Structure formats: structure tokens, C-alpha cells
Amino acid sequence: MKQSLLFVPTLKDAPKDAEVKSHKLMARAGLIKQTAAGIYTYLPLGHRVMKKIETIVRDEHDKRECSELLMPAIQPRDLWEESGRWSEYGPELMRLKDRKDRDFCLGPTHEEVITHAVRDYINSYKKLPLALYQIQTKYRDELRPRFGLMRGREFVMKDLYTFHESDEDLNTWYEKMKVAYTDIFRRCGLETKIVSSDTGQIGGKEADEFMVMSEVGEDTISYCDQGSYAANKEFSGLSAGDKCPECEGTIKEAKGIEVGNIFKLGTKYSESMNAYFTDREGKQKPVLMGCYGIGISRTLMAAVEQHSSDNGIVWPSEITPFKVHILPLKTNDELTMEVADSIYKELSKTNEVLIDDRGERPGVKFKDADLIGIPYRIIIGKDVSEGKVEFLNRYTGEKNLVNIAEISGLI
RNA sequence: CGGGGCGUGGCGCAGUCUGGUAGCGCAUCUGCUUUGGGAGCAGAGGGCCGUAGGUUCGAAUCCUACCGUCCCGACCA
């Protein structure tokens with residue numbers, strides 16, 4: 001891809017309303033642009049990374065026999081009356097009316113819609129289990145949107161819903177998805193800590209959150225310095241210095257970004273919304289449900305927060321918008337452009353390559369490239385006349401002058 | 001929703017206290033010179049000063065209301 005055609009509006013100065021590092025960088029690197037409070041446009045580079053994250057999410061779900069579907073963002077009031085949440089949810093629910101004055105809401109989550117979608121079909125234990133997910137834009141009219149993509153009023157989320165005939169089966173899937181989530185975040189370059197949590201507004205029995213340790217996190221995690229115990233401080237009530245409830249260790253505290261959560265919903269929605277099936281004994285039972293969320297846009301932000309300095313991002317390999325960045329320093333030099341073009345064509349056969357074809361000065365190109373954060377950089381400069389270009393590995397910081405012919409072997 | 005900021009060309013800001021009709025840096029356009037870390041010189045274009053009222057001969061500046069936005073706190077992927 002030619003950089004001149006990609007639309008990467010980089011900024012020298014961060015917009016003044018950006019506070020945390022990742023927000024500043026995402027604005028400066030031309031990944032996102034704020035449209036309203038808590039509402040953002042994903043520019044081409046940001047969008048590419050989002051798609052990479054979504055690809056990983058789809059891969060890890062599909063291989064565990066989950067099926068993707070797509071539900072509406074606009075949801076009718078009736079379904080929310082059935083679950084009781086039209087009145088329970090409060091002002092966070094974005095409500096609107098159609099021209100006939102009927103009530104709707106913009107979905108903050110999809111338990112109602114998914115239950116409605118499957119309840120007529122799931123009439124027997126033979127139809128279970130079932131696992132359905134979507135990647136979709138969610139709406140929550142937050143009291144206070146915050147920190148760029150960290151807490152938006154509109155955000156992209158993956159939500160999975162599972163349906164079971166027994167607790168054992170729900171537990172099996174719950175554990176299976178726990179592993180899937182850890183894998184997903186690891187592939188996104190994020191190490192997560194699993195902490196047990198309250199079930200909150202969604203309701204249900206048991207829940208775990210996936211936290212990325214970070215200074216800018218909104219949650220405080222109480223964790224054991226020796227064992228594996230970790231919980232959201234808000235619910236556990238444990239503070240730094242307390243004894244671990246599971247072993248001899250001592251509790252410590254850290255800030256975390258919640259990038260995912262999983263819930264055992266039980267029968268909250270199946271009972272209220274009449275999703276019953278006939279079990280092996282011929283009895284009518286409410287179907288057991290689980291739900292599992294991943295904040296896709298928040299994961300994007302967490303990745304930037306973790307993999308950056310003040311000068312720019314260094315993308316984890318699986319979610320980088322491009323793998324290779326070619327910088328021809330003199331765009332008006334024939335040899336430079338010839339070499340740049342041939343390397344570009346060669347590498348593009350098997351890689352995503354961005355070439356900075358703009359007529360900018362070297363300094364501008366370097367600064368922008370640092371910001372944008374593509375892991376491998378090929379600089380075509382002075383030594384091109386001797387058949388050499390510079391190869392920079394941004395993970396290691398290693399810079400080498402290499403023969404043009406050797407380039408493809410290094411990627 | 002309470003407390004505190006901020007709103008002036010695309011971005012970052014000065015000017016507001018003490019009213020006199022808008023300025024700086026970057027960016028943009030033209031020309032020349034430059035070309036390995038956000039170039040130099042010369043010239044040019046671009047602003048309902050958040051909105052609406054009010055005070056005044058005169059308002060970016062003073063008063064009132066509203067809107068937007070950010071931060072801190074109470075709720076949440």
C-alpha cells in the first residue's frame with residue numbers, strides 16, 4: 001500500500017483532550033479521530049488493527065465450534081420488557097423512538113436478542129449445546145466516557161452466548177472459553193490476569209474478568225504475591241498487605257484494564273424470556289446460558305498502551321497493520337525509487353507492506369514511521385548506489401546495512 | 001449527576017484581568033535553495049473568536065443563559 005493513498009493523518013501535537021499515552025499516540029499516529037465524546041472514527045490504520053484483532057477472535061472461536069452471527073444494534077422495547085431490563089438498565093441505555101412512536105434501544109449487550117433468536121429452535125436437549133457469537137458495535141450512554149477507546153459510548157465488542165442442558169456442560173464450555181480468551185489476548189500481545197468478579201448488571205452466578213495490568217487501568221486488582229489468587233478489589237474487599245485467602249501469601253494491588261469477561265448466566269434470561277427445552281426425562285427446563293465478552297476496541301487501546309513509548313507504537317506481530325515499512329528517502333532519485341519499487345513488489349507477494357512514497361523529507365518520514373509502529377523498516381538511502389539498504393528490526397532495535405538481494409530472507 | 005478546567009484558522013497556543021474590531025508556531029499554497037531525524041528564505045491563502053441574549057458609541061475581552069469537551073469522584077466491556 002502506498003502511504004500517500006492510505007490516509008494516515010499524523011499529528012505533531014496530540015489533541016489537548018487526550019490524556020493517557022495510548023490515546024495521544026492513537027490520535028497522533030492517525031489511528032482514530034474523535035467524533036463526539038466517547039465516539040470515534042477508526043481511520044484506515046486503526047481499522048486495519050481492529051480487523052486483525054477480530055481475525056484472531058474469529059479464529060479462536062471458530063476452532064472451538066462457536067458460530068458467528070450478526071444481531072441488530074436496534075432492539076425493540078418488548079424484548080427488554082420481557083427480561084425486565086427496560087426499567088432496570090437506567091439512563092445508560094440509549095433509547096429512541098421510531099416514526100410510529102414505538103420504543104427501541106441501541107443495544108448495550110444482546111442477551112435479549114440472542115434468547116429471542118434461539119428460543120423457538122432449542123426445544124430439546126438434542127439441540128444443545130450451542131455457541132453463537134458476533135462482533136458488533138455496542139452502545140452505552142456512559143456517565144463519563146474516558147481515556148479515548150478505554151470507555152466509549154460506542155465501542156466494538158465480541159459477544160458470545162452459549163446454551164446448555166446441564167451445569168456440567170456449561171462448566172465445560174466456560175473453562176474452554178477461559179483458555180480461548182487467554183490465547184486470544186496472548187496473540188494480541190497482551191498478558192492477562194484472570195480475576196473473579198461480581199456478576200453486575202448482566203446477572204447470573206459466576207464471572208471472571210480478563211485484566212491487562214496497566215497504570216491507566218480503571219480497576220484495582222488484589223492479587224496474591226505467591227499463589228494464583230486474583231480478584232477485583234471492589235468485590236473481594238482485600239487490600240494490599242492482607243493475607244491471601246487461599247495460601248500463605250500476601251495481597252498486593254495493581255491497576256488493570258478489563259479487556260474481557262465471562263459469565264455463567266444460568267437461567268436468568270431463559271426463565272424470564274421463556275427459553276425452555278425438553279430434557280432427557282421429558283421434563284421442561286429453562287436452558288442454561290453463558291455469555292462471554294471481549295472489548296475489541298478496548299483491546300486495541302490496551303495493545304497500544306502496552307507496546308509503545310512516547311515516540312510511538314511497536315505493534316505486536318499478529319496485529320500490526322503492516323509488517324514492513326519501506327522508506328525511500330529521496331523520492332526524486334531514480335535509483336532510490338527503482339530499488340524501493342522492486343523491494344516493495346517482491347515483499348508484497350507474501351507480506352503486508354507499506355511504502356512511504358510521499359515527497360517528505362527524511363526526518364518527517366522517520367518520525368511518522370516511529371509513530372505508526374510497523375515492526376520491520378527498510379530504509380533506502382545513501383548506500384543504495386552500492387546496492388545496500390538499511391534494515392531495522394524495531395523489536396530489537398537492531399539496524400543493519402544489507403544487500404538488496406538479501407532483504408526477502410530477513411522478513 | 002456533583003466538583004474543577006477548557007472552547008480563538010487543520011493541530012498546539014497567546015490575547016480576556018485593564019473593551020478600541022485578531023495574532024504566534026506548526027500545517028497548507030507559490031517560488032528558489034535544501035534532502036539521514038518533524039528544513040531555510042521570500043511571498044500568499046484561510047478565523048461566524050462555541051451559541052444566544054444583554055451592557056456599551058464600540059465586545060474574543062464585561063454580564064446572563066445554554067451547548068460542547070476534558071479531568072477528578074459515584075456506575076460499567
Side-chain angles (χ1 to χ4, degrees), chain A residues 9-20 23-24 27-28 30 33-39 57 88-93 107-111 135-160 181 185 197-202 207-212 216-219 232 234-235 256-263 291-302 311-312 327-333 336 356 358-371 377 379-384 389-390 392 399 401:
Chain A
T10 54
L11 302 170
K12 278 192 185 178
D13 303 300
K16 65 166 176 282
D17 47 11
E19 193 83 359
V20 299
H23 187 193
K24 285 182 182 170
R28 288 223 294 140
K33 182 170 172 70
Q34 182 168 345
T35 305
I39 298 173
V57 167
E88 274 171 27
Y89 217 93
E92 205 177 281
L93 190 63
T109 176
H110 282 69
E111 283 80 11
I135 294 174
Q136 201 228 27
T137 304
K138 298 282 193 271
Y139 300 87
R140 295 185 190 177
D141 198 358
E142 294 285 345
L143 280 181
R144 182 146 94 83
R146 220 193 296 237
F147 298 157
L149 298 189
M150 181 89 85
R151 175 163 304 282
R153 294 192 293 168
E154 174 179 305
F155 57 97
V156 177
M157 180 172 161
K158 184 284 306 181
D159 44 328
L160 164 73
Y181 270 36
F185 293 120
S197 77
D198 182 45
T199 47
Q201 191 121 43
I202 293 178
D208 289 285
E209 294 170 345
F210 287 75
M211 296 285 185
V212 174
V216 301
E218 294 183 294
D219 294 88
N232 197 311
E234 218 181 307
F235 308 117
I257 301 168
E258 184 184 349
V259 287
N261 62 18
I262 57 180
F263 291 85
C291 78
Y292 317 71
I294 289 179
I296 302 281
S297 39
R298 186 183 278 182
T299 299
L300 163 60
M301 173 159 190
N311 295 327
L327 305 194
L329 295 188
K330 287 189 187 179
T331 44
N332 56 3
D333 178 68
T336 296
D356 191 348
R358 300 172 304 162
E360 295 288 351
R361 297 166 58 82
V364 174
K365 294 190 174 195
F366 285 128
K367 289 288 185 190
D368 278 349
D370 289 347
L371 263 179
R377 185 181 303 168
I379 300 151
I380 299 158
K382 284 171 185 163
D383 306 293
V384 70
V389 296
E390 198 171 309
L392 170 66
K399 246 197 249 185
L401 213 52

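This structure is a prediction, so every number in the text was calculated from the model and none was measured. Proteins get letters first, then strands, A, B, ... in listed order; numbering begins at 1 in each.
The side-chain contact (heavy atoms from CB on, under 4.5 Å) check on Leu143(A) picks up nothing, with sequence neighbours excluded. Applying the salt bridge (Lys or Arg N to Asp or Glu O under 4.0 Å) criterion to Arg144(A), with sequence neighbours excluded, gives no partner residue. With sequence neighbours left out, Glu218(A) forms a salt bridge (Lys or Arg N to Asp or Glu O under 4.0 Å) with Arg146(A), Arg151(A). Scanning for salt bridge (Lys or Arg N to Asp or Glu O under 4.0 Å) contacts around Asp370(A) gives Arg377(A), with sequence neighbours left out. Taking the salt bridge (Lys or Arg N to Asp or Glu O under 4.0 Å) definition, one finds that Lys158(A) meets it with nothing, sequence neighbours left out. Considering only residues two or more places apart in sequence or on other chains, His23(A) meets the ring pair (Phe, Tyr, Trp, His ring centres under 6.0 Å) condition with Tyr40(A). Legend: residues meeting side-chain contact (heavy atoms from CB on, under 4.5 Å) with Glu390(A), ordered by chain and number and at least two apart, are Ile379(A), Lys399(A), Leu401(A).
Relative ring orientation between Tyr292(A) and Tyr181(A) is described as perpendicular, the plane-to-plane angle rising above 60° on a 0-90° scale split at 30° and 60°.
Whole-Å rounding puts the Leu11(A) CG to C13(B) C1' distance at 15 Å. For Tyr139(A) and A77(B), the OH to P distance is 18 Å, given to the nearest whole Å. When rounded to the nearest whole Å, the span between NZ of Lys12(A) and C1' of C11(B) equals 10 Å. We find that CG of Asp17(A) is positioned 10 Å from P of U69(B), with the value rounded to whole Å. When rounded to the nearest whole Å, the span between NZ of Lys16(A) and P of G68(B) equals 16 Å. If you take CZ of Phe147(A) and P of A77(B), they are 17 Å apart, rounded to a whole angstrom. In this structure, Glu218(A) atom CD and G73(B) atom P are separated by 10 Å, rounded to whole Å. At whole-Å resolution of the value, CG in Leu371(A) and P in G38(B) are 14 Å apart.
A42(B) is paired with U30(B) under the Watson-Crick or G-U wobble criterion, all donor-acceptor distances under 3.5 Å. With a cut-off of 3.5 Å on both Watson-Crick or G-U wobble distances, the partner of G37(B) is given as none. Using the Watson-Crick or G-U wobble rule with both distances under 3.5 Å, G73(B) pairs with C1(B). When both pairing distances are held under 3.5 Å, G53(B) makes a Watson-Crick or G-U pair with C63(B). Pair assignment for G68(B) gives C6(B), based on Watson-Crick or G-U wobble hydrogen-bonding distances that are each under 3.5 Å. For C48(B), there is no paired nucleotide, since no Watson-Crick or G-U wobble pair has both relevant distances below 3.5 Å. Checking C24(B) for Watson-Crick or G-U wobble geometry (two distances, each under 3.5 Å) identifies G12(B) as its partner.
A distance of about 43 Å separates the C1' atoms of G37(B) and U21(B), rounded to the whole Å. Rounded to the nearest Å, the gap between the P atom of G9(B) and that of C49(B) is 10 Å. Between the P atoms of U18(B) and G23(B), the separation comes to 24 Å (whole Å). Taking atom C1' in both G25(B) and G38(B), the straight-line distance is 13 Å, to the nearest Å. Here the separation of U8(B) from G47(B), taken at their C1' atoms, is 8 Å to the nearest Å. The gap from the P atom of U34(B) to that of C71(B) amounts to 48 Å, rounded to the nearest Å. Spacing between G46(B) and G3(B) at atom P, rounded to whole Å, works out to 43 Å. Taking atom C1' on both nucleotides, U16(B) is separated from U61(B) by 4 Å, rounded to a whole Å.
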Using nucleotides 40-49 of chain B, report all nitrogen or oxygen pairs with the protein that are shorter than 3.5 Å.
none

_Where protein sits on nucleotides 28-37 of chain B, one letter per nucleotide: B base, S sugar-phosphate only, - none, heavy atoms under 4.0 Å_ = ------BBBB
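Distance from the side chain of Glu142(A) is smallest to C75(B) among G38(B), C75(B), C70(B). Taking only side-chain atoms of Arg144(A), from C-beta outward, the nucleotide of G25(B), C13(B), C71(B) with the closest atom is C71(B).
A close approach under 4.0 Å does not occur between any side-chain nitrogen or oxygen of Arg146(A) and OP1 or OP2 of C75(B).
The residue Ala14(A) sits close only to the backbone: its heavy atoms come under 4.0 Å of sugar-phosphate atoms, none of a base. Residue Pro15(A) is classed as a sugar-phosphate contact, given heavy-atom separations below 4.0 Å to backbone atoms only. Here Pro328(A) lies out of heavy-atom contact (under 4.0 Å) with every strand. Residue Asp368(A) is in base contact, counting any heavy-atom pair closer than 4.0 Å across all strands shown. Among the atoms of the strands shown, base atoms are found under 4.0 Å from some heavy atom of Met150(A).
Between the side chain of Arg140(A) and the main chain of Pro108(A), a donor-acceptor pair closer than 3.5 Å is present. Of the possible donor and acceptor atoms, one in the side chain of Lys365(A) sits under 3.5 Å from a partner among the backbone N and O of Arg358(A).
For the pair Val259(A) and Leu143(A), nearest-nucleotide mapping onto RNA chain B gives the more 5' position to Leu143(A). Projected onto RNA chain B by closest heavy-atom contact, Lys365(A) and Gly38(A) fall at different nucleotides, the more 5' of which corresponds to Lys365(A).
When all heavy atoms are compared, the tightest approach of Gly148(A) to Met301(A) is C-SD, 4.3 Å. Looking at every heavy atom in both residues, Arg298(A) comes nearest to Glu258(A) through NH1-O, 2.6 Å.
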